Every structure is written in structure tokens, then in C-alpha cells.
2 protein chains.
Amino acid sequence: MSHTLGIRQAQKQKTRQALMDAALRLLEDQSLSSLGLREVTRAAGVAPTAFYRHFRDTADLGVALVEETLGSLHATIGEALGDSRDERRIDRTVALIAALVRDSPAHVRFVARERHGGVQPVREAIGAQLRLFAAEVAAAFAREPESAGWKENDLLMLAGVYVDHMVMTASALLEAGPEEAERIGSLARRQLRLVSLGRKHWLDG
Amino acid sequence: MSHTLGIRQAQKQKTRQALMDAALRLLEDQSLSSLGLREVTRAAGVAPTAFYRHFRDTADLGVALVEETLGSLHATIGEALGDSRDERRIDRTVALIAALVRDSPAHVRFVARERHGGVQPVREAIGAQLRLFAAEVAAAFAREPESAGWKENDLLMLAGVYVDHMVMTASALLEAGPEEAERIGSLARRQLRLVSLGRKHWLDG
DNA sequence: CACTTGTGAGTACGACTGTTCACTGACTTG
DNA sequence: CAAGTCAGTGAACAGTCGTACTCACAAGTG
């Protein structure tokens with residue numbers, strides 16, 4: 001049973017999680033580049049020096065937060081894209097984004113904010129994850145008969161539009177309150193339908 | 001001749017501009033929420049207290065930077081969108097973005113970064129400007145015969161896709177070096193063409 | 001001319017920052 | 001059960017931060 005972590009390891013993980021949770025809460029109204037190490041430890045109820053047992057600096061913590069937010073999302077998104085009927089897929093995708101924003105708004109806010117933020121390693125971590133998503137979306141499209149005749153490059157282009165659009169929608173849902181969620185969801189679905197129409201006629205000319 | 005500012009006013013403007021330029025340079029590798037007042041004045045070669053003569057705080061300076069970056073862009077963008085031929089308009093739009101990024105990368109980086117950044121007043125200022133752009137783009141589309149039968153709401157939806165896409169392209173051009181500019185420009189043009197195809201067939205069903 | 005106004009300089013303050021170090025005490029291992 | 005490991009502590013370091021003062025001086029006004 002190598003699964004059961006020792007008491008020691010378990011408590012370490014707990015402190016690490018406390019630091020990440022505290023950081024995420026503080027990041028709701030500031031950027032990572034202004035997040036102080038002491039600030040985080042204070043909010044987590046830990047001595048400042050304990051921070052170094054888990055992260056090199058706040059940028060390192062940021063990268064860990066990216067992993068936590070986006071790392072477990074690949075399976076979910078692949079599932080939603082598996083639907084072959086266009087209308088259904090759009091509905092499921094938008095619903096997935098809406099659920100994500102509803103259930104963990106702080107995580108989503110963090111990623112949207114730091115995607116172009118002032119901390120390079122975090123920007124790169126997010127960029128890498130999003131490129132991964134785009135590749136998966138492209139692969140899902142490639143499996144459909146509609147994609148016959150498409151160049152791989154163009155499939156990636158299309159996937160890029162989808163992924164960018166998801167991030168934009170998530171961000172819009174965040175900035176608006178829950179009362180506007182339905183309006184934004186409807187807007188997002190129409191935009192995806194527009195893109196989907198473009199896809200259908202891509203090879204026409 | 002009320003145009004000629006007094007020597008006094010002129011020097012004040014000069015100091016103000018020096019502060020904004022210094023801030024913009026510092027913001028290339030950090031976010032506004034971590035930008036210090038002293039940091040800015042030090043870089044501008046001015047005493048810390050002089051800052052208060054021009055701005056209430058760094059957030060206020062940020063709003064001024066938004067105005068400087070986006071305020072003068074409305075005319076330019078309207079001109080590019082005036083072209084009625086689809087292909088030409090796409091080329092001109094992408095070229096405009098590329099030129100903007102080439103000529104004032106720091107300004108563009110600032111806007112892309114703070115659009116979802118940690119300083120609320122700046123986020124709102126950027127949001128307001130982008131909504132203004134979207135309205136102008138929608139108005140430009142509305143003038144074309146292709147838009148007959150379109151609901152105003154759908155025109156705004158289409159315009160939103162355009163504006164979001166411009167920001168994304170600008171940001172992508174920033175993160176990649178100049179050697180990748182052509183590849184990203186080509187990608188952006190294909191994505192706009194996809195959207196344009198969707199537009200043509202929007203009323204088909 | 002004297003007078004008001006506003007700009008920028010200078011100083012000082014208390015609070016906060018990241019990082020280092022020696023240390024404790026609970027858990028793990030032989 | 002003893003020895004070793006190591007997450008977390010608390011004190012001290014040299015900085016930076018925003019802000020509140022006072023002050024000199026130049027520009028515009030009557």
C-alpha cells in the first residue's frame with residue numbers, strides 16, 4: 001500500500017494546499033506580480049519561512065496554481081467535444097465553461113488574469129496548457145467526417161478560435177454577475193454557431 | 001491664441017508625459033497592481049511627491065494610459081473597416097494591428113495585460129473603450145448591403161468576435177518575436193476569413 | 001510692483017517586503 | 001527504543017513602500 005501517505009507527508013500537502021488556497025483568495029483583487037510571500041503565509045496562518053518548504057517564490061506558486069486549474073480539465077473538455085452533433089456540442093461546451101466559472105471562479109479568474117500577466121513562467125505555463133487544449137480540440141475535429149480535405153494547419157487554426165473563445169467567455173462570465181450569465185451564454189452560443197457555419201463552408205471556394 | 005499653453009502648463013504636461021512613459025516601460029515586465037509610485041518617479045527622474053501633482057495613485061495613471069493607447073485609435077480603425085471588399089478589409093485590419101504592435105508594443109502590452117488585470121478602474125476603462133470599438137465595428141457592418149436582415153443584436157455579436165480577435169492577435173504578436181510575425185498574421189487572416197464565411201451564411205437556415 | 005497659486009524637492013515616519021539562520025519538536029526509520 | 005529527518009518557528013537583516021510634512025521658487029494675475 002504505497003498509496004497511504006505518511007502522517008508527515010499528508011500534513012505537508014495540507015499546508016501546501018492552504019498556501020495555494022490563500023493565494024487564490026488574495027488573487028481575486030490583485031495580480032500575481034504584486035502578491036507577497038508574507039501576505040500569503042499570513043492568510044494561510046503559517047510562518048513566512050514555511051513558504052520556502054513548498055515553493056521557491058510566488059511565481060513558482062503561480063505555476064502550481066495553473067497546474068491545479070487546468071491540469072484536470074483535459075478529460076472533461078474532451079468529453080464535451082466528443083459530441084458529433086454541432087448544436088449539441090456547442091451547448092455542452094458553453095455549459096461546461098459556465099459550470100467551471102460557477103464552481104471555481106477564483107481559479108478561472110486567476111488563469112484569465114495571468115494569461116497575459118506580468119510573470120513570465122506563469123504566462124508560459126498557461127500558454128502551454130492552452131496549446132495542449134487546442135491540439136486536443138483539433139484532434140477531436142479531425143475525427144469527424146466534416147473535416148475531410150482539411151489541412152492540419154487549418155484544423156489547428158479552427159481549434160485556436162474555439163479555445164480562445166472559451167477563455168473569453170469564461171472571463172466575460174466572471175466580470176458580469178450571475179444575473180447576466182444567461183445573456184452571455186446565449187451570446188457565446190451564437191458566436192460558436194457563427195464559427196461553425198464558417199467551418200462548414202471553408203472548402204467551398 | 002488660446003492654443004499656446006503657457007510655459008508652466010507645457011512643463012507640467014512634459015512631466016506628466018515623462019511619468020506615463022516611465023510607467024509604461026516598467027510595466028513591460030510587471031503588472032499595474034505591483035507598480036509603485038516611487039518606482040515610477042525614480043524612473044522618470046522626478047521626486048516621489050511630484051507624482052501627486054498629476055495622478056491620485058497608480059490606478060489613476062493606468063486609466064490615463066488606457067486613454068492614451070486606445071483613445072486615438074477609433075479613427076484609424078474606422079478607416080480600415082471602411083473597405084467593403086472582404087479580403088481587402090481583412091488584410092487591412094490585420095496590417096493595422098501589426099503596425100500598432102510594431103510601433104508601440106509597450107502600449108499594446110499594457111492594454112492586453114490589464115484588460116483582465118487586478119486593478120478595477122483600469123479594467124473598466126479598457127472594457128468601455130473596447131465596447132466602443134465593438135459598436136463602431138457593428139455600425140460599419142450595418143452600412144453594408146450584406147447585413148440586410150441582420151438583427152442589431154447579432155451585428156454586435158459579430159463585432160464582438162472581431163474586436164476580441166484583434167486583441168488576441170495583438171497579444172500573440174507581442175509574445176512571439178518579430179520573426180514569427182508573418183506566421184501569426186497569416187493565422188489571424190485565416191481566422192477572420194472563417195468568421196467572414198460564417199457571416200455570409202448566417203441567414204441561410 | 002506685490003500677491004496668489006501650484007510645481008517639484010527634501011526629509012522623516014511607520015509599515016511592509018524577501019531572505020537568512022539557528023532552532024524546536026513531532027514523525028519516521030533502523 | 002534511539003537516532004535521524006524535516007516541516008514549521010521566531011528573530012534579525014537590509015531594503016522598499018506610500019504618505020505627511022515643510023520649503024523654495026517660478027508663473028500668472030491685478
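Predicted model only: the values in this text are computed from it and were never measured. Letters A, B, ... are given to chains in the order of the sequence lines, protein chains preceding strands, and every chain is numbered from 1.
Side chain to side chain, Ser34(B) and Ser34(A) fail the donor-acceptor criterion of an N or O pair below 3.5 Å. Looking at Arg199(B) and Ser147(B), their side chains do bring a donor and an acceptor atom within 3.5 Å of each other.
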Practice task
Go through the steps to decide whether Gln129(A) and Glu124(A) satisfy the test side-chain hydrogen bond (donor to acceptor under 3.5 Å, both in side chains), and finish with yes or no.
Solution key: CA-CA 9 Å; Gln129(A) 288 280 349; Glu124(A) 282 176 5; over 6 Å; no
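The CG-P distance, from Leu19(B) to dA9(C), rounds to 10 Å in whole Å. Regarding Gln9(A), its CD atom lies at a distance of 15 Å from the P atom of dT5(D), rounded to whole Å. Rounded to whole Å, the distance from CD on Gln11(A) to C1' on dT28(C) is 13 Å. With rounding to whole Å, Gln13(B) atom CD is found 13 Å from dT7(C) atom C1'. Atom NZ of Lys14(B) is separated from atom P of dA26(D) by 16 Å (rounded to the nearest Å). Straight-line distance from the CZ atom of Arg16(B) to the C1' atom of dG6(C): 16 Å, rounded to whole Å.
Contact check, His54(B) against dT7(C): no side-chain N or O comes under 4.0 Å of OP1 or OP2.
Between Phe141(A) and Tyr162(A), the gap from one ring centroid to the other is short of 6.0 Å.
Ion pair Glu39(A)/Arg42(A) not flagged as a salt bridge, since none of the NZ, NE, NH1 or NH2 atoms sits closer than 4.0 Å to an Asp/Glu carboxylate oxygen. Taking the charged nitrogens against the carboxylate oxygens, Arg89(B) and Glu144(B) do have a contact shorter than 4.0 Å, which makes a salt bridge.
In this structure, Gly62(A) and Leu32(A) approach most closely via the heavy-atom pair CA-CD2, 4.0 Å.
Taking the salt bridge (Lys or Arg N to Asp or Glu O under 4.0 Å) definition, one finds that Arg193(B) meets it with nothing, sequence neighbours left out.
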Completion exercise
Counting primed atoms, P, OP1 and OP2 as sugar-phosphate and everything else as base, the B/S/- map of nucleotides 12-25 of chain D against protein heavy atoms under 4.0 Å is B----BBBBB----
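A rotation axis mapping the C1' atoms of four pairs onto the next four is fitted at both ends of the helix from dC1(C)-dG30(D) to dG30(C)-dC1(D) over five pairs, and the angle between these axes is 20° to 10 degrees.
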